[in-house]
Structures are given as C-alpha cells and as structure tokens.
Student: 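My structure is below; once you've seen it, I'll send some questions.
These numbers come from the heavy atoms of this one structure, side chains and all, not from hydrogens, waters or symmetry mates. In what follows, chains carry the letters A, B, and so on, assigned in the order in which the sequence lines appear, proteins first and then strands, with residues in each chain numbered from 1.
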2 protein chains.
Amino acid sequence: MQKASNGTRAGSRPEDPTGRKAGRTVSRQVLADHVYEELLASLMDGRLEPGAAVSIDGTARELDVSPTPVREALARLEHTGMVRRVALKGYRVAPVFTREDFADLMEARLAIEPVNARLACARLNPHRLAELEQTVTDLKSAPRGPSFAEYKDYLEADEQFHQLIAQQTDNQFLVGAYAALGGQVQRFRLFGGVGITDAENAIAEHQSVLDALSSGDPEKAEAAMAAHIQKVRERAMADAPEE
Amino acid sequence: MQKASNGTRAGSRPEDPTGRKAGRTVSRQVLADHVYEELLASLMDGRLEPGAAVSIDGTARELDVSPTPVREALARLEHTGMVRRVALKGYRVAPVFTREDFADLMEARLAIEPVNARLACARLNPHRLAELEQTVTDLKSAPRGPSFAEYKDYLEADEQFHQLIAQQTDNQFLVGAYAALGGQVQRFRLFGGVGITDAENAIAEHQSVLDALSSGDPEKAEAAMAAHIQKVRERAMADAPEE
DNA sequence: CATGATCAGATCCTATAGGGACGCCTCAGG
DNA sequence: CCTGAGGCGTCCCTATAGGATCTGATCATG
C-alpha cells in the first residue's frame, strides 16, 4: 500500500503534471480528469470489455487515488453511454450492441454526419483540407493485421476523419452530437464482431468523401458521406447476420 | 445546522424515497440523483441564471447534503453543456447564448429533428398519436402572460412535444442527441431575450407537424418539422437583432 | 492617486472513516 | 450428499477532515 506509506497525500500534486505532452500553458488538471482519461482510453482500446464491472474502489486502488475522483470521472462517463450505472450496485461497461442497436446507431449517424460534411465543406480552407488529407493518408498506410493491436491505428484514423469533419462545422452542438456517437462507433468497431473485412472499399469511400469536400460542392459532400455510412451499414449487417 | 444535530447521517436513507411520484418499484435513488434533479430543475426554470456560480459547498449546505454527492451531480451536468467547470475554480452556469450560438443550435436541430419526425411518423400508433395531441392541446390552453411564471406551462408543453417525437423514434441515440439540444433550447427560451411574441404562429406550426404525422406520410412530417424549426429561427432572429 | 503586496475567508480538491447491503464461503444439520 | 445459516470480505454511499488555491479587501509605497 503506497498510500499508507506517505501519510497525507492530499493536494500533493505540485509534481504531478499528469504527463500532458507538449503542455503549452497546460490548464491545470485535477485527479478526476486523469482518471477520466484513463478510463476512456481503456474503453476505447478494448482493455475494458463490455459487461465488465468497473469497481469504484478497485479503480481507485489501481490508479492509486481515492474513490472520490473516481466517482466524479465515472459520473461524467455515464453520460457518454459507454458505462451504465445502477444505483447502489455500481458501474458496468455498457453491453455489446445488438443488431438493432447498431441499426439505430447508423440511423443516427445518417442524420448527423452528412449534414456535418455539407457544413464542413462550406467552411473548408487549405489548412483544414490538409488535416483531412492526412487522416486519409494515415488510413491508407495503417497496418492491417488479424489481431486488434495490428489495426488499432487504422481504427483511430477512421475515427479521426469523422471527428475532424464534425469539428470543421464550427458548430459546438454538432461536435457534441457526433462525439456522443463516435465513442459508440469506435466501441462497436472493437466488439461488434465485424473486423475490417473490406478495408479497401472503406478507404475508397473516405477518399470519395474527401474528393467531394475538396470539390467545394456541399451537396456532393453531403451525398458522399451519406453513401459512405450506408455502405458501412451494409457491410456490417452482411458480416454479422446473426439470424 | 441540522447536520450537526443528528450525528451520523450516513446511509440513513430508508425513509427517503425522494418523493418520486407514483413510484412503481422505485429504483432506489442515491443523494446524487436528488441533487442532480434539483439542479436541473433550477437551471430549466430560471432560478439559476447564466453566469451564476454554482458553489459545491454552498449547494451542499443548501440541500443539506455533503459535498460528495454534489460533485457527482455537477460532473453529470457538465456533460449537458448547461454548466461549465474550470479546474480549481468551480462550476458556473453556462453563459447566455450569443446570436451565433443560437444559429448553431438551430442548425443542429435542423439536422436532427426533421429526421426524428420522419422516423416517428413511420412508427406511429394510436396511443402515441394521442400523446402528441395532448401536448398540442396543452400548448393551446396554457396561459400566456407577460412574466415568466405565466408561460412556464407553455414552454414546457413546447419542449414536451419535441421530446416526445424524439422518443417515438425508438432510437436511443436520437433521443440522446435531442436531449442534449433540448435543454439548451429551453434555456434559450428563458434567457435568450425572446419571449413568446408570436405564440399563435408557433401553435399553428405544431398543429401542422401533428397533422403531417397523423397523415402517415413520413416525408410530409419531415418537411413540416423542418419548416417549423426554420420559422422558429426566423422569429428569434427578428426578435433579437442585436446589431 | 495609482499600484502592488499581504492577509483572511471562502472554496476546491482529495483522502479517509464508517454505516449498510450484497455475495461468497464455510460449516453444521437433515 | 444436499441445504441453509452465519461469518467475512467487498463494495457502494455519504460525511468529514484538512491541505491547497483562489478571491477580495486591506494596507503600504511610489
């Protein structure tokens, strides 16, 4: 127990910049922020599997903090839908998607993301275009192997592309709406049973969306994004018929 | 200080059903739930004004609980965008919308709500239709006076209508996406400077949406909702030109 | 008068204590 | 062998203590 050894640990955060990289005037973090990021990373890269219990006390011991910041971090996470809480029983990682859940998720993406693409197109500039091109380049060059660890970069580039488009709408509400979906999409990619069975097509679709955006025609961008998401849905539905 | 008088209060929750109405097997609540609802109600009905500080300790004293559940409730609320947190400085009620924020909000609503209407229409049934009709009836019969208190019911019926349509999509993600916007819409109705200057038109538009839904034509429902939101935007923009 | 240091109170943040509920394991009895 | 009661540990939940930090006022100085 390291905790017992150093008596009062309260507020002893002067030497704890939480390892933020390249911190330019890092807005000071509190422990709950650190715990939140740690849990989120565990959820997004598969270390925490659906259905697993997330014990408050256990997480606190693991991260060597007290339960109070862990409670705060979990309260924030609950709102993302990635963990669920049952009063007096604790938190669990949200269960795996059913086929219906996935259909719902795609329905929601179809409502939001094409609009994002249209607005992002209208507000595009060279710098932003370069950012988007980078993610597509990353997607193409990411290694794709059979195990999860081997296509982690691929999934991250995929997510990054969609997230960037949301940010480029300059609309905080659309960013928020996409963020709520993006985490779920990523989790489904990991646990939904569908691998990257058809990465070539997916890459081609991303390229099409990028081309449509750079063409400057918002309608084309909207249509390209809608087509992409529909294709994603079709591929996933075909991969995991389940019945 | 009531707290000092009853010694340990921990776990003394057997006699605290938190007053949930018509509790059918009320899933047990914890204090954080109660605090959350209390704060949310204060935000939604205007008792907490934009920019006001929400002190953790102060709220705890006011509600006669310890700061721990208050921290948890505020962590959840932060994710709704209605309060903002600055590390080591505390929480504040999110500031009043600017004209640009409002435009963004309407842009986001235009992406989501027409789709909600289309899907709700496809999944409509007599019971659901009756629910919708009730909210329109409430809207028509709600008193509308000059002061806030006098059109509180009007605003609630308005919000209820849109929320019901979101729920009737049977899509948890769209419900969540709308919920994130609905709170902001309601807050803008209270503090955005626009009153109910043109309630007759707004009521007529709700009726149009309802008619389109009951016609059974999803495309008509989608169009009616889009038209309604655009009109709302136009009215608000005209009311508060600001420049 | 303007400006900057100093101090006190309020507030945030984290750790810790302790009560109640639940699950598991053990063990005695049928 | 099977079953049920009791003990024990774990976990959730809330309260409280106390260090760290911020804010606003006071006061001294240029």
Side-chain angles (χ1 to χ4, degrees), chain A residues 1-18 25-38 52-78 83-93, chain B residues 1-18 26-36 38-39 51-78 83-93:
Chain A
M1 310 298 181
Q2 312 90 310
K3 259 188 293 189
S5 64
N6 58 359
T8 170
R9 202 168 168 280
S12 67
R13 200 182 351 80
E15 78 289 6
D16 177 22
T18 329
T25 63
V26 280
S27 80
R28 277 171 305 185
Q29 285 204 342
V30 293
L31 283 189
D33 295 328
H34 179 228
V35 175
Y36 180 86
E37 290 175 10
E38 201 69 31
V54 184
S55 153
I56 294 172
D57 291 351
T59 304
R61 282 192 297 271
E62 200 169 325
L63 299 179
D64 192 27
V65 298
S66 81
T68 309
V70 176
R71 297 188 73 82
E72 199 172 321
L74 281 169
R76 289 188 222 165
L77 271 175
E78 185 191 2
V83 301
R84 298 191 192 288
R85 181 182 67 96
V86 177
L88 302 179
K89 288 201 58 178
Y91 291 86
R92 308 193 77 84
V93 181
Chain B
M1 307 301 175
Q2 311 91 311
K3 259 188 293 188
S5 65
N6 59 359
T8 171
R9 204 167 166 281
S12 68
R13 201 183 347 82
E15 78 289 6
D16 176 24
T18 328
V26 280
S27 79
R28 278 172 304 183
Q29 285 205 341
V30 293
L31 283 187
D33 295 327
H34 179 229
V35 175
Y36 180 86
E38 202 69 32
L39 286 172
V54 184
S55 153
I56 294 172
D57 291 350
T59 304
R61 282 191 297 271
E62 198 170 326
L63 300 179
D64 191 28
V65 298
S66 80
T68 310
V70 176
R71 298 188 73 82
E72 199 171 322
L74 282 169
R76 288 187 223 166
L77 271 176
E78 185 191 2
V83 301
R84 299 191 191 287
R85 181 181 67 96
V86 178
L88 302 180
K89 289 196 55 180
Y91 291 86
R92 306 194 79 84
V93 181

Student: Send over the distance from Ile56(A) CD1 to dT10(D) C1', rounded to a whole Å.
Tutor: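 In whole Å, dT10(D) C1' lies 13 Å from Ile56(A) CD1.
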Student: Report yes if a side-chain nitrogen or oxygen of Arg71(A) is closer than 4.0 Å to either non-bridging phosphate oxygen (OP1 or OP2) of dC13(D); otherwise report no.
Tutor: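 For Arg71(A), the contact criterion (side-chain N or O under 4.0 Å from OP1 or OP2 of dC13(D)) is met.
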Student: Select one nucleotide: of dT14(C), dA15(D), dT11(C), the one nearest the side-chain heavy atoms of Ser66(A).
Tutor: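 Selected nucleotide (nearest to the side chain): dT14(C).
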Student: The side chain of Ala87(A) is closest to which nucleotide in this list: dT14(D), dT16(D), dC13(D)?
Tutor: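 The nucleotide sitting nearest to the side chain is dC13(D).
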Student: Quick one: Leu88(B) CG to dA20(D) P, roughly how many Å, whole number?
Tutor: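 From Leu88(B) CG to dA20(D) P: 13 Å.
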Student: Looking at the side chain of Arg61(B), which of dT11(C), dT16(D), dT14(C) is the nearest nucleotide?
Tutor: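 Selected nucleotide (nearest to the side chain): dT11(C).
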Student: Calculate the interatomic distance between Leu74(A) atom CG and dC11(D) atom C1'; express it in whole Å.
Tutor: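 Atom CG in Leu74(A) sits about 13 Å away from atom C1' in dC11(D).
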Student: Between dC11(D), dT11(C), dA15(C), which nucleotide gets closest to the side-chain atoms of Thr68(A)?
Tutor: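 Of dC11(D), dT11(C), dA15(C), dA15(C) is nearest to the side chain of Thr68(A).
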Student: Using side-chain heavy atoms (C-beta onward) and a distance below 4.5 Å, is Arg61(A) in contact with Asp57(A)?
Tutor: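 Yes, their side chains come closer than 4.5 Å.
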Student: Roughly, in whole Å, what's the span from CZ in Arg92(B) to P in dT11(C)?
Tutor: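 Distance, rounded to whole Å: 12 Å.
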Student: Think Lys89(B) has a side-chain N or O under 4.0 angstrom from the OP1 or OP2 of dT23(D)?
Tutor: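 Checking Lys89(B) against dT23(D): at least one side-chain N or O falls below 4.0 Å of OP1 or OP2.
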Student: Which whole-number value in Å describes the distance from Leu31(A) CG to dT16(C) C1'?
Tutor: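 Going from Leu31(A) (CG) to dT16(C) (C1'), I get 15 Å.
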Student: Nearest-Å distance, CD (Glu72(B)) to C1' (dC12(C))?
Tutor: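 In whole Å, dC12(C) C1' and Glu72(B) CD are 17 Å from each other.
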Student: Counting only side-chain nitrogens and oxygens, does Ser55(A) get under 4.0 Å of the OP1 or OP2 atom of dT10(D)?
Tutor: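 For dT10(D), neither OP1 nor OP2 has a side-chain N or O of Ser55(A) closer than 4.0 Å.
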Student: Mind listing the closest non-hydrogen atom pair of Arg71(A) and Tyr91(A) along with its distance?
Tutor: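 Taking Arg71(A) first and Tyr91(A) second, the nearest heavy atoms are O-OH, 4.5 Å.
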Student: Counting only side-chain heavy atoms from C-beta out, which of dT11(C), dC13(D), dC13(C) sits nearest to Arg85(B)?
Tutor: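 Ranking dT11(C), dC13(D), dC13(C) by closest atom to the Arg85(B) side chain puts dC13(C) first.
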Student: Check the pair Arg85(B) / Arg76(A) against side chain to side chain contact (heavy atoms under 4.5 Å, CB included), numbers first and verdict last.
Tutor: CA-CA 12 Å; Arg85(B) 181 181 67 96; Arg76(A) 289 188 222 165; 3.5 Å; yes
Student: Of the non-hydrogen atoms in Val70(B) and Ile56(B), which two are nearest, and what is the gap between them?
Tutor: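 Smallest interatomic distance, heavy atoms only, reads CG1-O, 3.8 Å.
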Student: Is there a donor-acceptor pair closer than 3.5 Å between any side-chain N or O of Arg92(B) and the backbone N or O of Ala52(B)?
Tutor: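 No, Arg92(B) side chain to Ala52(B) backbone: no donor-acceptor pair under 3.5 Å.
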Student: Would you kindly give the CG-to-C1' distance between Asp57(B) and dT16(D), to the nearest whole Å?
Tutor: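 Taking atom C1' of dT16(D) as the reference, CG of Asp57(B) is at 12 Å.
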Student: Select one nucleotide: of dT14(D), dA15(C), dC13(C), the one nearest the side-chain heavy atoms of Val65(A).
Tutor: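 Taking heavy atoms from C-beta onward, the closest nucleotide is dA15(C).
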